[in-house]
Amino acid sequence: ADAKSGVVIYATGGTIAGSSASSTDTTDYDAGKLGIETLIKAVPELNQVATVTGEQLANMPSQDMDQKTLMKLSKTISQKLEDPAVHGVVVTHGTDTLEETAFFLDLTVKSEKPVVVVGAMRPATAVGADGPMNLLEAVSLAANDKANGRGTLVVLNDRIGSAFYTTKTNSTMPDTFRAVEQGYLGSFVGITPRFYYSPATPTGKRHFDVSKQESLPKVVILYSYQDQDSALIDAAIKDGAKGIVIAGTGNGSIPTRTKETVKRLMEQGIPVIRSTRTGSGFVSRKEEGIGSGFFNPQKSRILLSLALATGADMATIERYFSAAE
Ligand SMILES: NC(=O)C[C@H](N)C(=O)O
């Protein structure tokens, strides 16, 4: 890393900015309390790896992240990366929905420069807080040429993941971010990123231009289980949903009694994506609706919303989810 490389940190809150009166509190603290200046001041080593500036874009626990803030973040980053003095950007974010924001940025920011999304599992006030090291590693990564051309990256727990595949797999532990099948792209040795492979693009990854977009169509996620019926699917449509994602059982299966409804919605031009509640794997099953491919329910929602926003028809949406080139 070159200490002269410009890295801009956009802070949005989360546990990395979390604080509690007790140093042993790692579960009931307030996320999104500390400002970006406090986070930067806590890690003077940042100046050894980059020329860092910070901007407070939001300050919230990530369960409150919304499409308005996402759009603002994406547009701000796209613009900022055009500045030749900026080598890369870092986004500090709560971990609960970090994968959604990271995936959104991966699909909407078109740049070879690194975009690194980082969080923490322990608040800044905790014994063994992971935030300061995670932030230092994220900035070191954003300042490094080897991070170029890899899309949006996720950093936590000394590891580098691809935003396209990485998901939160554990509710409380620091080693929660994984791509169960696809693995990591690299890790940190000290604070230096070490990649396992040269840059690659995930199969089927597409860019969505949201620069002229004001908002995104509403897509809801419904969880499948024994005894599920169509009541909430119908309610979602009544409530204004333009698309539905079902967190299906296994390989995207849904109860037989819901299939007529799914078929009707598809015929009306309302896409229904069948994903899986299992946490990993491909949904291939050919039945009513569209199989989500490798996308989990929350990533499917982001992808479907972007597809609808950019006017994709049903066949195009099917292609987006098929993971085809
Ligand atoms: N570890 C965390 O960041 C969790 C927190 N609830 C958040 O997502 O903002």
- Task: In sequence, state the C-alpha distance, the side-chain angles, and the governing distance for R274 and E287, and then conclude on side chain to side chain contact (heavy atoms under 4.5 Å, CB included).
- Result: CA-CA 9 Å; R274 285 178 298 97; E287 52 182 26; 3.6 Å; yes
- Message: Checking S162 against Y184: is there a side-chain donor and acceptor pair closer than 3.5 Å?
- Response: no
- Task: Taking the side chain as every heavy atom from C-beta outward, state whether I233 and I246 have any pair of such atoms under 4.5 Å apart.
- Result: yes
- Check whether V8 and V109 end up in the same hydrophobic cluster, where Ile, Leu, Val, Met, Phe, Trp and Tyr are linked by side-chain heavy atoms less than 4.5 Å apart. yes
- Using only heavy-atom distances, determine whether the side chains of T95 and K168 contain a donor-acceptor pair under 3.5 Å. yes
- Message: In the structure I gave you, are the side-chain heavy atoms of F282 and N251 within less than 4.5 Å of one another anywhere?
- Response: no
- Task: Evaluate whether atom OH of Y197 has more than 12 neighbouring non-hydrogen atoms of other residues, nucleotides or ligands under 6.0 angstrom away.
- Result: no
- Item | Close side-chain approach of P271 to L304, heavy-atom, < 4.5 Å | yes
- Decide side chain to side chain donor-acceptor pair (under 3.5 Å) for T167 and E99; before the verdict, give the C-alpha distance in whole Å, the side-chain angles of both, and the deciding distance to 0.1 Å. CA-CA 6 Å; T167 185; E99 64 185 277; 2.8 Å; yes
- M266 side chain near M314 side chain, heavy-atom distance below 4.5 Å: yes
- Item | Nearest-0.5 Å distance that lies between atom CD1 in I273 and atom OG in S300 | 6.5 Å
- Task: Apply the test side chain to side chain contact (heavy atoms under 4.5 Å, CB included) to residues L136 and V49: give CA-CA distance (whole Å), side-chain angles for both, the deciding distance (0.1 Å), then the verdict.
- Result: CA-CA 8 Å; L136 181 55; V49 293; 4.1 Å; yes
- Item | Side-chain donor/acceptor of T97 to backbone N/O of S62, under 3.5 Å | yes
- If you draw a 6.0 Å radius around NZ in K146, do more than 12 non-hydrogen atoms from other residues or ligands fall strictly inside? no
- Under 4.5 Å side-chain linkage, directly or through intermediates, the cluster mates of V283: none
- Taking the side chain as every heavy atom from C-beta outward, state whether K205 and D106 have any pair of such atoms under 4.5 Å apart. yes
- Query: Of the options F103, F294, F164, F104, which is the one that meets K299 in a side-chain contact (heavy atoms from CB on, under 4.5 Å)?
  - Reply: F103
- Message: Taking L216's backbone N and O only, do any of them form a donor-acceptor pair with S305's side chain (distance below 3.5 Å, no angle check)?
- Response: no
- Determine whether Y29 and T15 make a side-chain contact, defined as any pair of heavy atoms from C-beta on separated by less than 4.5 Å. yes
- I160 and V89: same hydrophobic cluster, using ILVMFWY side-chain contacts below 4.5 Å? no
Report all side-chain donor-acceptor pairs from residues 112-129 shorter than 3.5 Å, counting only partners two or more places apart or in another chain.
{"unit_1": "K113", "atom_1": "NZ", "unit_2": "L81", "atom_2": "O", "d": "2.8"}
{"unit_1": "K113", "atom_1": "NZ", "unit_2": "D83", "atom_2": "O", "d": "3.1"}
{"unit_1": "K113", "atom_1": "NZ", "unit_2": "V86", "atom_2": "O", "d": "2.8"}
{"unit_1": "R122", "atom_1": "NH1", "unit_2": "G128", "atom_2": "O", "d": "2.9"}
{"unit_1": "T125", "atom_1": "OG1", "unit_2": "S20", "atom_2": "N", "d": "2.9"}

- Note on the structure: Nearest heavy-atom contact between L39 and I16 is CD2-O, 3.5 Å
- Return the minimal non-hydrogen interatomic distance between K242 and I270, and the atom names on each side. O-CG2, 3.6 Å
- Euclidean distance, N157 CG relative to T176 OG1, rounded to 0.5 Å: 9.5 Å
- Enter the distance from L185:CG to R194:CZ here, rounded to the nearest 0.5 Å. 16.0 Å
- Please round to the nearest 0.5 Å and tell me the distance separating atom CD1 of I237 and atom CG of L232. 11.5 Å
- How far does OG1 of T76 sit from CG of L57, to the nearest 0.5 angstrom? 5.5 Å
- Message: Within a 6.0 Å radius of atom CD on E45, are there more than 12 heavy atoms belonging to other residues, nucleotides or ligands?
- Response: yes
- Path from F208 to V245 over hydrophobic side-chain contacts below 4.5 Å: yes
- Message: With salt bridge (charged side-chain N to carboxylate O under 4.0 Å, His left out) as the criterion, how do D239 and K218 come out once you've worked through the C-alpha distance, each side chain's angles and the decisive distance to 0.1 Å?
- Response: CA-CA 9 Å; D239 190 45; K218 181 171 181 165; 2.7 Å; yes
- Message: Just checking Q63: does its CD atom have more than 12 heavy atoms from other residues, nucleotides or ligands closer to it than 6.0 angstrom?
- Response: yes
- Query: Which heavy atom in L73 sits nearest to a heavy atom in T101, and how many Å separate them?
  - Reply: CD2-CG2, 3.7 Å
- Query: Is there a donor-acceptor contact under 3.5 Å from the side chain of S187 to the main chain of R159?
  - Reply: no
- Query: Can you find a heavy atom in the side chain of I36 that is under 4.5 Å from one in the side chain of E55?
  - Reply: no
- Query: If you take all heavy atoms of K33 and N59, which pair is closest and at what distance?
  - Reply: O-ND2, 3.7 Å
- Ring centers of F295, Y165 separated by less than 6.0 Å: no
- To the nearest 0.5 Å, what is the distance between NZ (K110) and OG (S74)? 13.0 Å
- Query: Do D229 and T258 get their side chains close enough for a donor-acceptor pair, meaning under 3.5 Å?
  - Reply: no
- Does M60 belong to the same Ile/Leu/Val/Met/Phe/Trp/Tyr cluster as L135, with side-chain heavy atoms less than 4.5 Å apart forming each link? no
- Task: Check the surroundings of atom NZ in K68: do more than 12 heavy atoms from other residues, nucleotides or ligands lie under 6.0 Å from it?
- Result: no
- Task: Please determine if R150 forms a cation-pi arrangement with F195, meaning its NZ or CZ atom is less than 6.0 Å from the six-membered ring centre and no more than 45° off the ring axis.
- Result: yes
- Task: Using the rule that two of Ile, Leu, Val, Met, Phe, Trp, Tyr join whenever any of their side-chain heavy atoms come within less than 4.5 Å, decide whether V220 and L303 are in one cluster.
- Result: yes
- Between P193 and L141, which heavy-atom pair has the shortest distance, and what is it? CB-CD1, 3.6 Å
- Query: Does a side-chain heavy-atom distance below 4.5 Å link H93 with M65?
  - Reply: yes
- What do the steps show when you test H87 against N144 for side chain to side chain donor-acceptor pair (under 3.5 Å), and what is the final call? CA-CA 8 Å; H87 189 280; N144 197 304; over 6 Å; no
- Before giving the answer on side chain to side chain contact (heavy atoms under 4.5 Å, CB included), spell out for Q268 and K263 the whole-Å C-alpha distance, their side-chain angles and the decisive distance to 0.1 Å. CA-CA 9 Å; Q268 290 169 8; K263 201 169 154 220; over 6 Å; no
- Task: Take V139 and I191 through the test side chain to side chain contact (heavy atoms under 4.5 Å, CB included) and record every step on the way to the result.
- Result: CA-CA 9 Å; V139 170; I191 58 164; over 6 Å; no
- Message: Looking at every heavy atom in both A143 and A50, which two are closest together, and how far apart are they?
- Response: CB-CB, 4.0 Å
